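Written out below as structure tokens is the structure these notes cover.
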Amino acid sequence: MYKVDLPVDNSADVAVERRRAAEAARQARIFNTRHRVMGLDLKALEQQVVENKEREEMAGQRERAFDMLRVTQDEVLMKQQQEEEERRAELNRDLIQYRAIRQRAEDTRDADLNVHRQGALGLSIPIPESELGPASMQVFQGEGIGDNDKRRAQMEQTERALRAQREQSEKLHKEKKLKELLKGKELVQQDLRAVQLDALEEECKRAGRIALNNYNHAQAAECVEKERKERMRKEGKEMAEVWHMVTSDILTECPKAAERQVDGGPVGGPRVLTDRWRGMSPVQLSAIRRQREEQRLEGKRLREIEKQRDAAWDFQRMVQTREDEEEERKAMELKKEKRIEMDRYNEQLARDQREHQQYLSKTLYTNRPTARYFTQFSSSSR
């Protein structure tokens with residue numbers, strides 16, 4: 001036969017090496033005291049730490065972006081405010097310049113009236129006076145005559161008006177004081193009137209109380225008189241009733257007065273009139289005593305019978321008690337014997353246990369473990 005060189009199948013060796021590498025990694029992970037944590041997933045914890053750091057970094061970036069945005073917005077707002085102030089200042093300057101150029105006081109129509117007429121304006125008319133007409137005249141002859149007198153008359157008129165106002169004010173003040181004085185007098189009179197009315201009212205109340213007291217006294221006296229008459233009437237009625245009771249047949253000693261015959265003859269016997277009955281006869285009393293004696297003897301006989309029955313029951317209970325005590329004593333003796341026997345058995349077991357422990361500690365387990373004995377533990381991850 002021909003010899004053929006076939007490729008060697010080393011898949012088993014690769015699998016063995018792979019298992020050995022996995023076992024070595026497992027042992028390194030398990031026996032490493034620094035990273036060994038029971039019940040926790042280190043990869044998951046590390047992933048969570050990384051995610052938390054990324055989240056904090058994103059939050060920090062977002063805060064920094066917000067800060068930059070706020071700074072930018074503040075700068076834009078400040079720039080807008082500055083531009084607005086500059087625009088307002090420029091508008092004010094333009095307005096002042098326009099007023100200075102276009103709205104001068106010299107250019108108004110009444111400038112000659114508001115300003116002093118004697119050359120204060122310093123105006124020069126370029127047109128010759130010979131070419132000007134009547135409409136161009138500004139100052140006429142005769143104007144301003146009597147201005148001082150008019151001013152003095154106005155001052156006197158103002159002074160008179162002020163004097164009249166002062167007199168009117170003083171008059172109003174005096175009238176006000178007079179009204180206040182009259183009002184105070186009126187209030188005093190009202191107070192006096194109120195005091196007088198209070199005194200009259202108090203007098204009326206006192207008179208009313210006196211009249212009410214007199215009326216109450218009269219009513220009390222009348223009530224006392226009525227009570228006395230009523231008491232005398234009741235006492236007379238009671239005395240009449242007592243006299244009637246004493247003199248009537250209700251208090252007589254005759255026994256026949258308390259009996260009456262029932263309709264139908266002697267079938268029912270005589271009936272007793274309760275309102276006239278005065279007691280039983282000697283015959284009735286003797287019959288009652290005799291019957292009571294018979295009842296007493298009967299009760300004595302029944303009590304003797306009950307006493308004998310109770311004695312029999314007591315004897316029976318005593319016998320039963322003695323029997324129960326005897327049985328309990330026997331049971332206690334039997335229990336005591338069982339307990340003694342069990343104590344002996346427990347002592348024997350304890351003795352055997354001690355002997356067995358001595359055999360184990362002194363005879364069987366006499367070799368001490370060496371270091372090699374402890375190296376066999378934790379040598380594999382399985």
Side-chain angles (χ1 to χ4, degrees), residues 208-347:
R209 286 195 296 270
I210 293 172
L212 182 61
N213 291 332
N214 295 332
Y215 177 75
N216 291 334
H217 288 311
Q219 288 287 334
E222 185 178 356
C223 290
V224 170
E225 184 66 21
K226 287 182 178 179
E227 290 178 358
R228 188 181 64 81
K229 290 181 180 180
E230 183 68 20
R231 187 170 59 254
M232 292 179 65
R233 186 184 64 80
K234 288 183 178 180
E235 289 178 356
K237 186 176 180 181
E238 290 175 357
M239 290 298 294
E241 185 177 359
V242 170
W243 179 257
H244 176 70
M245 293 291 293
V246 170
T247 58
S248 63
D249 294 338
I250 195 170
L251 295 178
T252 58
E253 297 297 334
C254 182
K256 292 183 179 181
E259 295 180 357
R260 66 177 178 178
Q261 192 69 24
V262 182
D263 297 338
V267 177
R271 293 292 182 88
V272 177
L273 300 176
T274 56
D275 56 347
R276 300 179 185 180
W277 185 69
R278 298 302 301 167
M280 293 184 293
S281 62
V283 178
Q284 293 175 345
L285 291 173
S286 62
I288 290 174
R289 292 191 185 97
R290 185 173 59 255
Q291 187 176 3
R292 186 172 58 186
E293 184 66 20
E294 291 177 357
Q295 291 177 357
R296 186 182 66 80
L297 295 175
E298 182 66 20
K300 184 177 180 181
R301 187 179 63 82
L302 293 176
R303 283 195 298 273
E304 290 292 336
I305 295 172
E306 185 70 22
K307 187 176 180 180
Q308 293 176 3
R309 186 166 56 250
D310 292 340
W313 278 108
D314 292 339
F315 179 76
Q316 185 67 25
R317 281 196 296 271
M318 183 177 64
V319 172
Q320 186 66 30
T321 303
R322 289 178 179 176
E323 293 178 357
D324 294 339
E325 290 177 354
E326 184 66 22
E327 291 179 358
E328 186 176 359
R329 186 180 60 79
K330 292 180 180 180
M332 291 179 65
E333 290 179 356
L334 182 60
K335 186 176 180 181
K336 184 177 180 181
E337 292 177 357
K338 289 182 178 181
R339 186 170 59 251
I340 293 171
E341 185 178 356
M342 185 176 293
D343 292 340
R344 292 174 181 172
Y345 181 70
N346 290 333
E347 289 178 358

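Source: prediction; values computed, not measured.
For residues 279-294, every residue pair satisfying the salt bridge (Lys or Arg N to Asp or Glu O under 4.0 Å) rule, not counting sequence neighbours, is listed here: Glu293-Arg296. Note on residues 232-247: pairs passing salt bridge (Lys or Arg N to Asp or Glu O under 4.0 Å), not counting sequence neighbours, are Glu230-Arg233. Among residues at least two apart or in separate chains, there is no side-chain hydrogen bond (donor to acceptor under 3.5 Å, both in side chains) pair with a member in residues 334-345.
Applying the side-chain hydrogen bond (donor to acceptor under 3.5 Å, both in side chains) rule to Asp324 yields the partners Gln320; only residues at least two apart in sequence or on another chain are considered. Legend: residues meeting salt bridge (charged side-chain N to carboxylate O under 4.0 Å, His left out) with Glu298, ordered by chain and number and at least two apart, are Arg301. The side-chain contact (heavy atoms from CB on, under 4.5 Å) test applied to Glu225 returns Arg228, Lys229, not counting sequence neighbours. For Glu222, the salt bridge (charged side-chain N to carboxylate O under 4.0 Å, His left out) criterion is met by Lys226, not counting sequence neighbours. Glu326 pairs by the side-chain contact (heavy atoms from CB on, under 4.5 Å) definition with Arg329, Lys330, not counting sequence neighbours. Partners of Leu212 according to the side-chain contact (heavy atoms from CB on, under 4.5 Å) rule, which considers only residues two or more places apart in sequence or in another chain, are Asn216. Taking Arg209 as the reference, nothing meets the side-chain hydrogen bond (donor to acceptor under 3.5 Å, both in side chains) condition, with sequence neighbours excluded. Every residue two or more places apart in sequence or in another chain was checked for a side-chain hydrogen bond (donor to acceptor under 3.5 Å, both in side chains) with Arg322, and none qualifies. By the side-chain contact (heavy atoms from CB on, under 4.5 Å) test, Val319 is found to be paired with Phe315, Glu323, residues two or more places apart in sequence or in another chain being considered.
Heavy-atom contacts from other residues, nucleotides or ligands closer than 6.0 Å to CE of Met332 number 12 or fewer. Crowding of Gln219 atom CD: a count of heavy atoms from other residues, nucleotides or ligands under 6.0 Å exceeding 12.
With rounding to the nearest 0.5 angstrom, the CG atom of Leu302 is 11.0 Å from the CG atom of Leu297.
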